[in-house]
2 protein chains.
Amino acid sequence: MHELNPNVSVDCVIFGFDFEKLTVLLIDRGQETKNGPRLALPGNLIYNDENLDQAASRVLDELAGIKNIYLEQVGAFGDPNRICKDADREWLQSIRAEPEARVITVAYYSLVKMSDYAPHASSFAKTAGWAPVSELFELAFDHYEILLAAKEKLRQKIKVQPIGFNLLPEKFTLSQLHKLYESILDKPLDKRNFRRKVQKLGIVTALKEKQRGVPHKPSLLYKFDVEKYESLSENGFDNFGF
Amino acid sequence: MHELNPNVSVDCVIFGFDFEKLTVLLIDRGQETKNGPRLALPGNLIYNDENLDQAASRVLDELAGIKNIYLEQVGAFGDPNRICKDADREWLQSIRAEPEARVITVAYYSLVKMSDYAPHASSFAKTAGWAPVSELFELAFDHYEILLAAKEKLRQKIKVQPIGFNLLPEKFTLSQLHKLYESILDKPLDKRNFRRKVQKLGIVTALKEKQRGVPHKPSLLYKFDVEKYESLSENGFDNFGF
DNA sequence: TTTGATAGTGTAATTATGACACGAAGTTAA
DNA sequence: TTAACTTCGTGTCATAATTACACTATCAAA
């Protein structure tokens with residue numbers, strides 16, 4: 001039946017990249033609650049006739065207008081006190097949860113091309129906006145904990161699979177890719193070694209086109225080469241790591 | 001309140017190692033159901049006043065008498081049809097789930113020293129027993145899918161952290177460790193290269209003691225050296241990979 | 001034309017990996 | 001007691017991957 005499950009929600013950690021830092025999409029719950037910060041991850045209860053992945057996609061679309069993106073489960077979070085029933089009563093009602101129910105949440109992270117998604121307001125969130133991950137230190141509920149877990153999953157995943165391209169536009173420079181990897185891995189990577197490695201992987205193709213309008217030497221643009229990536233994967237190659 | 005949550009369960013993939021193959025602890029539900037095999041992962045509904053990790057530990061203890069072991073979350077599984085309400089009505093009742101409720105499960109995997117745990121029967125399971133992972137092809141509900149996901153998590157994890165020792169007795173031989181890694185990674189590893197790598201890691205210590213009672217040249221015994229491992233970890237070393 | 005900013009490039013030393021074979025040390029059975 | 005069997009334990013060499021490191025080129029703006 002198409003009804004809300006009062007015990008299970010999904011929360012989405014939507015990562016973006018502003019060419020400088022890794023960012024995350026947050027919603028502003030409008031008013032300070034007694035026990036917590038205003039900023040929260042977009043999330044909502046699931047319906048009983050959808051699976052978890054579908055629920056995450058739906059929430060992403062409803063709350064941020066985002067469709068068809070890279071989405072991966074982080075895990076389930078279920079501390080009995082993860083939501084404070086007193087302080088967050090109003091909030092719980094606004095998402096149609098029963099204020100007395102215990103809510104377990106399944107967290108997802110997703111990677112989007114930041115420019116594609118101008119955050120929009122919804123009935124649930126007064127406003128939504130991008131915040132640099134490294135400048136956040138608290139969020140509502142247990143969402144900061146979820147954010148850290150998502151960041152860690154992303155870090156591990158990107159060491160092993162070339163998913164970073166989901167955060168960049170179709171055409172990008174190797175410097176941008178470089179900074180992206182540094183942001184996610186939280187450590188400096190040698191420029192020349194990075195470029196050598198990327199080029200040896202063989203999954204980026206240089207375009208016959210340069211950056212325009214920059215006040216310095218323009219960089220060659222590259223694209224992620226899906227065909228090459230897939231043919232490598234099919235042939236058992238599985239080391240796309242950094 | 002200490003009551004069952006009808007919508008959320010935990011299921012545990014308990015891995016063991018019989019010195020030949022990776023095994024998993026399964027319970028036998030006693031009778032064939034209309035739609036599925038008898039063998040299932042140990043699992044049960046959670047209580048509303050425990051967190052998910054606690055629930056997994058509790059279930060492990062109740063269903064298999066296992067305490068204080070390595071435990072890691074695999075993820076949440078929530079397909080609306082993961083449990084067939086008609087065929088499994090009896091089973092649902094036996095674990096006190098409401099037959100009409102939709103149950104989402106949070107899966108964990110754990111690593112135990114097989115010899116420490118003689119599987120026992122419980123009120124939920126007629127019998128419990130170890131089965132080689134590689135010889136299984138179906139399980140009740142979506143448990144085979146969960147098993148595969150757990151195996152994959154374990155594979156990824158062991159590439160990066162020395163958790164394999166949880167599957168071995170205190171004293172073990174390098175050949176046993178070697179076979180363990182081959183079982184988990186599902187591929188042959190060169191003996192000499194493996195031994196070189198393990199020894200260079202510096203987290204096993206040779207004992208002044210040999211294997212006894214084997215009908216061939218006895219092997220030196222080793223132990224996992226927790227202190228060395230921790231001091232390496234603290235100093236930022238993080239490549240325990242294979 | 002100078003300044004400032006980023007792009008783009010190569011080498012050499014070190015370390016890690018992968019392939020490969022045989023004598024040693026026990027037990028068992030003839 | 002000897003022969004057969006099984007697993008243990010070891011080293012080298014070729015190749016590949018990683019690390020550390022510095023200067024010139026190209027563009028825009030002042």
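Just so you know, these numbers come straight off a predicted model, no measurement behind them. Hydrogens, waters and symmetry mates play no part in the numbers below; they use all other heavy atoms, side chains included.
- Rounding to whole angstrom units, CZ of residue B/Arg195 and C1' of C/dA19 are separated by 17 Å.
- At whole-Å resolution of the value, NZ in A/Lys179 and C1' in C/dA7 are 13 Å apart.
- Not a single donor-acceptor pair, N or O on each side, falls under 3.5 Å between the base of C/dA7 and the side chain of A/Arg192.
- In terms of heavy atoms, B/Tyr181 sits closest to B/Leu189 at CB-CD1, 3.8 Å.
- Looking at B/His143, its side chain does come within 3.5 Å of a backbone N or O of B/Leu41 through a donor-acceptor pair.
- A cation-pi arrangement is present between B/Lys197 and B/Phe242 under the rule of less than 6.0 angstrom and at most 45 degrees off the ring axis.
- Residue A/Gln176 contributes atom CD, which lies 12 Å from atom P of C/dT6 at whole-angstrom precision.
- Here side-chain hydrogen bond (donor to acceptor under 3.5 Å, both in side chains) pairs that include residues 219-239 of chain A, with residues two or more places apart or in two chains, are A/Thr205-A/Asp225.
- With rounding to whole Å, A/His178 atom NE2 is found 13 Å from C/dG8 atom P.
- For DNA chain C, the residues of residues 204-223 of chain B within the heavy-atom distance limit of 4.0 Å (strictly under) are B/Lys210, B/Val214, B/Pro215, B/His216, B/Lys217, B/Pro218, sorted by number.
- Comparing B/Leu174 and A/Lys200 by the nucleotide of DNA chain D whose heavy atom lies nearest to each, the residue mapping closer to the 5' end is B/Leu174.
- Using a 4.0 Å heavy-atom distance criterion, B/Thr173 is classed as making no nucleic acid contact.
- Atom-to-atom, CZ of B/Arg196 to P of C/dG18 comes out at 9 Å; the value is rounded to the nearest Å.
- Between A/Phe77 and A/Ile104, the closest side-chain pair of non-hydrogen atoms is not below 4.5 Å.
- Among residue pairs with one or both ends in residues 156-169 of chain B, those qualifying as side-chain hydrogen bond (donor to acceptor under 3.5 Å, both in side chains) are B/Glu72-B/Lys157, B/Glu152-B/Gln156; sequence neighbours excluded.
- Ion pairing of B/Arg82 with B/Asp11 is present here, as a side-chain N (NZ or NE/NH1/NH2) and a carboxylate O approach within less than 4.0 Å.
- Between the NZ atom of B/Lys191 and the C1' atom of C/dA24 there is a distance of 12 Å, rounded to whole Å.
- When rounded to the nearest whole Å, the span between CD of A/Gln199 and P of C/dG10 equals 11 Å.
- Of the candidates D/dT10, D/dA17, C/dT17, C/dT17 carries the atom nearest the B/Lys197 side chain, counting heavy atoms from C-beta on.
- Nucleotide D/dT18 holds its C1' atom 13 Å from the CG atom of A/Asn239, rounded to whole Å.
- Between the side chain of B/Asn193 and the base of C/dG18, at least one donor-acceptor pair of N or O atoms lies under 3.5 Å.
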